[in-house]
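Chain naming here is simple, since letters A, B, ... match the order of the sequence lines and numbering starts at 1 in each.
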Amino acid sequence: MDRPKSAEPLVTVRDLAFARDSRAIFQDLNLTVARGSVTAIIGGSGTGKTTLLSLIGGRLAPARGTVEVAGEVVGGLPRKQLFALRKRMGMLFQSSALLTDLDVFENVAFPMREHTRLPEALIHHLVLMKLEMVGLRGARDLFPAELSGGMSRRVALARAIALDPMMVMYDEPFAGLDPISMGVVVKLIRELNDALDMTSIVVTHDVAETCTIADYVYLLGSGRVIAEGTPADMKKTDAPEVRQFMGGLPDGPVAFHYPAQPYLDDLMTANRS
Amino acid sequence: MNPVAWISGLGRRVIAGIGRLGRATLFLARLMPALGAALARGRLVVQQIYMTGVLTLVIVVVSGAFVGMILALQGYNTLVRYDAQSSLGLLVALSLTRELGPVLTALLFAGRAGSALTAEIGLMKATEQLDGMEMMAVDPLPRVVAPRFWAGWIAVPLLAMIFSAVGIIGAYLVAVGDLGLDGGVFWSQMQSGVSVSNDIMGGLVKSVVFGFVVSWIAVFEGYDAKPTSEGVSRATTRTVVSSSLAILGLDFIMTAFMLRGL
Ligand SMILES: Nc1ncnc2c1ncn2[C@@H]1O[C@H](COP(=O)(O)OP(=O)(O)O)[C@@H](O)[C@H]1O
Ligand SMILES: [Mg+2]
């Protein structure tokens with residue numbers, strides 16, 4: 001599992017800065033994702049994990065710095081090239097984002113129908129193959145509303161790999177799953193990554209699960225990478241931020257309190273405006 | 001109340017309204033190229049016509065029948081004073097094809113299918129389905145929005161014709177069955193008095209315009225909705241209110257031009 005970090009990078013984020021409504025989300029963010037690896041990006045809620053995936057997928061443009069995917073700088077790409085690049089990236093949304101008016105089969109077939117002119121018989125085969133990989137071949141006629149959380153995430157995963165992408169981005173793939181479904185998804189991410197020769201970026205706050213499958217881990221905090229290393233390194237380290245996160249301690253260098261004026265001042269101020 | 005505050009509040013509303021109209025127009029300009037692309041995939045459009053048509057057909061048929069029957073009763077009541085009840089068929093046909101068919105159909109469509117279109121697109125946005133498509137390198141404008149726009153635009157004139165036809169049949173049933181008019185006179189007066197180029201085409205033009213405007217408002221509000229449940233419900237309300245006002249306002253303008261023969 002200990003892949004050398006010097007492996008050729010597929011994604012390179014350099015000196016990235018991004019702000020929302022004048023509030024900085026990232027400043028000087030640097031990270032690389034090695035080709036073929038499962039790279040975990042761990043951070044608390046609101047640290048900008050989803051935002052980072054949007055930047056990598058070119059849905060947002062950085063204020064400063066660059067995001068490079070497969071040798072192309074994503075921020076400035078014309079729409080056509082951006083779409084061509086996106087066909088090679090799969091993305092698993094936090095909410096699965098399945099199309100509610102299509103059944104499971106058609107959801108997985110959707111990218112194939114949109115981007116290829118494959119004959120119907122072949123699409124049928126490919127969709128069943130993808131569904132078999134996630135263990136949901138038998139659920140092909142169900143609609144998204146009839147699926148459990150774990151199942152819809154697996155369908156979304158089958159859809160994300162429909163076009164055999166070079167990389168898949170997972171936005172909190174474990175959130176809100178029962179332990180069994182979580183185990184299934186954890187195992188799937190690793191197996192699909194290796195079987196299909198992909199690269200995976202897993203964005204999450206579930207430290208324990210992620211560390212069992214990740215090759216390399218980045219820990220995000222206050223807009224930059226505060227620690228990085230293999231899961232084994234991360235467990236050994238003494239850095240207080242890392243210990244706080246890995247150990248799930250409520251307060252520490254990463255503050256429990258949202259920034260506010262002193263408590264007493266706040267109580268004494270009668271006027272809310 | 002402070003009059004200055006009132007006036008400035010009024011000004012703010014007007015400016016916000018004009019800003020919104022500008023956004024809707026920009027959206028329409030972006031939608032235009034997608035319209036051609038959507039037509040190339042007729043299956044999606046036909047599917048949407050089927051869905052919106054089914055949504056609205058029953059309510060259009062039922063309303064059309066009642067409006068026709070009411071027109072017959074009211075029209076007879078007036079015409080009989082001048083001993084002109086033989087013109088009842090003509091009166092009903094003209095009222096329906098020129099005015100009531102297009103206008104009421106468009107209003108019904110806005111309330112039934114237009115609001116549903118807005119809610120559907122808004123919910124797709126709120127549940128990240130549109131973002132998901134973007135990430136799959138599928139542009140939602142030609143794939144999701146344009147087929148729904150086409151469907152609304154095409155469905156409204158078709159439904160308006162059905163409305164008028166059903167209304168005339170309803171009026172016939174009342175006139176002949178209840179009021180004791182002669183069926184032959186009812187039809188022949190209508191046939192000689194209704195002009196295809198003026199009355200029928202005029203009504204058709206109106207319903208094509210209404211179909212365009214209602215569909216435009218519905219897809220814009222859905223696409224522009226805040227991606228929350230509250231945002232979607234507000235957008236749905238706005239679709240019904242703006243469409244209804246637009247339909248009535250445009251109807252007045254078009255009627256004025258048509259009656260003066262341009
Ligand atoms: N569309 C948006 N507009 C304004 N602020 C946003 C938007 N989306 C996210 N944010 C803010 O950006 C920060 C990072 O959000 P996000 O990337 O979703 O965090 P995470 O996925 O790590 O929980 C949050 O503080 C959030 O409030
Ligand atoms: Mg998130």
B:Ala137 and A:Lys87 have their tightest heavy-atom pair at CB-CG, 3.7 Å
Is the shortest side-chain N to carboxylate O distance from A:Arg59 to B:Glu134 below 4.0 Å? no
Under a 4.5 Å heavy-atom cutoff, which of A:Thr100, A:Asp101, A:Leu85, A:Leu163 has the most pairs with chain B? A:Thr100
Rounded to the nearest 0.5 Å, how far does CE of B:Met135 lie from CG of A:Asp171? 10.5 Å
Interface residue of largest heavy-atom contact number with chain B, from A:Arg79, A:Met89, A:Glu114, A:Gln94, under 4.5 Å: A:Glu114
Which of the residues B:Arg41, B:Gln129, B:Glu120, B:Met124 is involved in the greatest number of heavy-atom pairs with chain A at under 4.5 angstrom? B:Gln129
Heavy-atom distances under 4.5 Å only: say whether A:Leu82 touches chain B with side chain, backbone, both or neither. neither
Can you tell me if B:Arg20 has over 12 outside heavy atoms packed within less than 6.0 Å of its CZ? yes
Of all heavy-atom pairs between A:Phe110 and B:Val138, which one has the smallest distance, and what is that distance? CE2-CG2, 3.9 Å
Crowding at CG, A:Asp178 (>12 non-hydrogen neighbours, <6.0 Å): yes
